[in-house]
Number of protein chains: 2
Amino acid sequence: MISIKNKLSEKGLKITPQRMSILEAIYSISHPTADDIIKFIRQEHSNIATGTVYKVLDTFVQKGLIKKITTDKDVIRYDSLLTHHHHLHSSEDVLIKDYIDEELDEILNEYFQKKKINGFKIEEITLQIKGKFNE
Amino acid sequence: MISIKNKLSEKGLKITPQRMSILEAIYSISHPTADDIIKFIRQEHSNIATGTVYKVLDTFVQKGLIKKITTDKDVIRYDSLLTHHHHLHSSEDVLIKDYIDEELDEILNEYFQKKKINGFKIEEITLQIKGKFNE
DNA sequence: TCTTTTATGAGAATTATTCTCTTTTAAGAA
DNA sequence: TTCTTAAAAGAGAATAATTCTCATAAAAGA
Ligand SMILES: [Mn+2]
Ligand SMILES: [Mn+2]
Ligand SMILES: [Zn+2]
Ligand SMILES: [Zn+2]
C-alpha cells in the first residue's frame with residue numbers, strides 16, 4: 001500500500017520489501033512477537049532472515065513507527081497503536097488487549113501535575129491492567 | 001535468619017540452603033534478574049545451579065513470596081515488595097524504583113468502581129511510569 | 001534412624017536475540 | 001537509463017535467558 005511506503009519515507013527510511021512486509025505484519029497481528037511476525041511473513045511471501053526482522057523492528061521503534069510492550073514473559077511484543085493507551089493483560093493466558101481511556105488519562109495528568117515525584121521527571125504513564133476476560 | 005525460614009514454612013515450602021540464599025538475595029538486591037541473584041549467591045556462598053535458581057524463583061512467585069516485574073528488555077526481574085505499588089522506569093538506563101502512592105490507588109479504585117471495563121474483571125493495576133531520574 | 005517425597009545439580013536443549021561478515025539493493029547522481 | 005555507494009538484507013554463528021531431563025542428595029515426618 002502507498003500508506004505503508006509513506007510511513008517509511010516519512011521517517012527517512014529506505015523502502016524495502018522486507019520493511020514493508022514487517023510493517024504490514026505488525027498492522028495485521030495484535031501485539032506480535034518477532035517470531036509471530038516472521039511466521040506471518042513466511043506464510044505467503046518469501047523467506048526473510050530473522051536478523052533482518054529484529055533489526056528492522058529496532059529501527060521502527062527508534063523512529064517511532066511502533067512501540068515495544070512488556071509482558072511477564074521473556075519475549076518482547078510490539079504495538080502498532082501509537083496513540084497513548086494502556087493494556088489489559090489476561091492473568092490466565094497470553095492475551096493482551098488495548099485499553100484506551102482519555103478520561104482516565106486526564107485524571108492521571110491532573111494528579112501528577114500536582115503531585116510531583118521528587119527527583120523524577122515523568123515522560124509517560126502506562127497502566128498494566130491484569131485480570132480475567134469473561135468468555 | 002529465623003524470618004526467612006518462617007517465610008518458607010508459612011508457604012509450606014521445605015527449608016533448603018538454596019531457597020534461603022535466594023530469598024536473602026532478593027531482599028538484598030533491588031529488582032534483580034535471575035542472573036543478579038546467581039552472582040550474588042556465588043560471591044560469598046557455595047555454588048548453585050542456575051536451574052535451581054529459576055525453579056525456586058518460579059516456586060516463590062507461585063506461592064506469592066515474590067512478584068515478577070516486566071521491563072522492556074527480554075529479561076525478567078523479581079520484586080520482594082509485596083504490598084501494592086508501582087514502578088518508576090528510567091528511560092535512559094535500566095534503573096527501576098518502587099513508587100508507593102496510596103492516594104493514587106484510591107483514585108484508581110474509585111474510578112474503576114464506576115467505570116467498568118466490559119468483558120473484563122480487573123485483578124490488579126500497575127503503573128509503569130517512564131521518565132528521567134535527575135542527577 | 002528410616003522412608004518417602006521433593007529439591008538440587010550437571011549439563012544438554014530450547015528459545016530469543018544479537019552479531020559478523022558477505023552480498024544485494026534502493027535511490028540519488030550522472 | 002546506467003552508475004555509484006551507502007545502507008540493508010541474508011546466512012549462520014554466537015550469545016543470553018530460560019527450561020528440561022534425569023541421576024543424586026537431602027529435608028522432614030514417621
Ligand atoms: Mn535473550
Ligand atoms: Mn528465552
Ligand atoms: Zn496496544
Ligand atoms: Zn517494586
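Here is the naming used below: chain letters follow the sequence lines, and residue numbers restart at 1 for every chain.
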Could you state the [atom1]-[atom2] distance from [X] to [N], rounded to the nearest angstrom?
X	N	atom1	atom2	result
A:Gln62	C:dT18	CD	P	11 Å
A:Leu8	D:dA9	CG	P	10 Å
A:Ile48	C:dT24	CD1	C1'	14 Å
B:Lys73	C:dT17	NZ	P	13 Å
B:Lys39	D:dA16	NZ	C1'	11 Å
A:Arg77	C:dT15	CZ	P	15 Å
B:Ile38	C:dG11	CD1	C1'	14 Å
A:Leu13	C:dG28	CG	P	13 Å

Decide, yes or no, whether a salt bridge links A:Lys63 with A:Glu10 under the criterion of side-chain N to carboxylate O below 4.0 Å. no
Applying ring-ring contact (aromatic ring centres under 6.0 Å, His included) to B:Phe133 and not counting sequence neighbours gives A:Phe120
For the residue pair [Y] / [X], report whether a side-chain donor-acceptor contact shorter than 3.5 Å exists.
X	Y	answer
A:Ser91	B:Glu123	yes
A:Ser3	A:Asn6	no
A:His89	A:Asp72	no

Between its two end axes (five pairs each) the helix from C:dT1-D:dA30 to C:dA30-D:dT1 turns, nearest 10 degrees, through 30°
In this structure, OH of A:Tyr27 is separated from CG of A:Leu23 (nearest 0.5 Å) by 4.0 Å
Margin query: Any N or O donor-acceptor pair under 3.5 Å from the base of C:dT5 to the side chain of B:Lys14?
Written below: yes
In numerical order, the residues of residues 49-58 of chain B whose heavy atoms come under 4.0 Å of DNA chain D are B:Gly51, B:Tyr54
Sorted by chain and number, sequence neighbours left out, side chain to side chain donor-acceptor pair (under 3.5 Å) with B:Tyr99 holds for B:Asp101
Residues passing the side chain to side chain donor-acceptor pair (under 3.5 Å) test with A:Thr59, sequence neighbours excluded, are none
Minimum-distance nucleotide (side-chain atoms of [X] versus [options]):
X	options	result
B:Thr16	D:dT18, C:dT8, D:dA7	C:dT8
A:Asp74	C:dT17, C:dA7, D:dT18	D:dT18
A:Arg19	C:dT17, D:dA8, D:dA28	D:dA8

The salt bridge (charged side-chain N to carboxylate O under 4.0 Å, His left out) partners of B:Glu110 (sequence neighbours excluded) come to none
Q.
Given 3.5 Å as the limit, does a donor-acceptor pair link the side chain of B:Asp58 with the main chain of B:Lys55, or not?
A. no
A:Gln18 side chain N/O closer than 4.0 Å to the phosphate oxygens (OP1, OP2) of D:dG10? yes
message: At less than 4.0 Å, is any side-chain N or O atom of B:Asn47 found next to OP1 or OP2 of C:dT8? Yes or no.
response: no
Review point. With sugar-phosphate meaning primed atoms plus P, OP1 and OP2, does A:Asp35 contact a base, only sugar-phosphate, or nothing at under 4.0 Å between heavy atoms?
Key: nothing
